[in-house]
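For reference, the structure discussed in these notes is given below.
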Amino acid sequence: MAESVDVLFFGAHADDIELCSGGTIVNFVRAGQKVGIVDLTRGEMGTRGSAEIRRKESSAAAKILGASFREQLDLGDGGLRTGREEEMQVIDAVRRWRPRVVFAPWPDERHPDHARAGQLVTDASFYAGLRKIETKFEAHRPQAVIYYVQYHIPTVSFVVYVSESWETRMKAVKAYKSQFFDPKSSEPRTKIAEQRFLEMIEARAIHFGSLVGAHYGEPFVTKLPPKVNDILEAYGGREP
Ligand SMILES: [Zn+2]
């Protein structure tokens with residue numbers, strides 16, 4: 001049987017995953033779990049950089065996070081397609097890598113590519129388990145789809161403690177030199193290339209960390225509640 005991973009992260013664009021859940025990936029890797037990343041588009045519509053530059057940056061970022069692999073589909077940046085053909089490509093990614101858990105963008109996001117990606121991955125993760133949908137890979141259904149949040153932030157289901165993986169996570173974010181703040185860049189200015197954007201990202205992690213007694217936290221949403229074995233541990237560390 002082909003190699004499998006414990007966890008598979010899907011993003012609409014390279015860098016979505018680093019910005020929202022990079023610390024969680026570092027935690028998985030440090031715990032000895034195998035993590036794969038699939039970007040659904042090539043990022044060809046970005047104002048700065050190019051698909052080729054972003055591809056190099058994203059593979060550097062994946063190495064920093066410790067992911068086992070990163071691959072890219074081509075479902076259309078700035079108009080992500082979600083037809084049956086695209087769904088079959090995502091079904092095959094799930095079947096090929098056989099993850100126990102899948103991560104995806106929250107399907108009610110502001111950027112339509114993120115919202116579409118969230119729904120596409122949710123549907124494909126279910127359909128991947130239907131044996132009668134035949135592809136070159138065996139049927140496989142992950143145990144859960146967990147959502148990371150980007151802009152529209154609903155009530156979160158849990159927060160992952162990422163204080164100790166924060167530095168590595170930010171190193172991975174900064175691997176996207178064409179996208180984020182670089183005082184030497186002569187590329188056009190964009191909202192995410194302002195220094196303020198990285199401050200906002202940090203402020204958000206501090207906010208969610210503060211809710212769970214940590215310096216930095218990454219929030220997630222699930223449709224099913226997580227099972228908690230140790231409530232004292234889950235709510236520990238908040239004492240003054
Ligand atoms: Zn994005």
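For the numbers below, each heavy atom of this structure counts, side chains included, while hydrogens, waters and symmetry mates do not. When a ligand or atom number is given, it counts from 1 through the structure's own listing order.
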For a distance under 2.8 Å, give residue and atom name for each protein N, O or S atom next to the Zn ion (ligand 1).
His13 ND1, Asp16 OD1, Asp16 OD2, His114 NE2
Looking at [Y] and [X], is any side-chain nitrogen of the basic one under 4.0 Å from a carboxylate oxygen of the acidic one?
X      : Y      : value
Lys136 : Asp92  : no
Asp182 : Lys177 : no
Glu52  : Arg42  : no
Glu57  : Arg54  : no
Lys174 : Glu167 : no

Partners meeting salt bridge (charged side-chain N to carboxylate O under 4.0 Å, His left out) with Arg189 (sequence neighbours left out)
Glu194
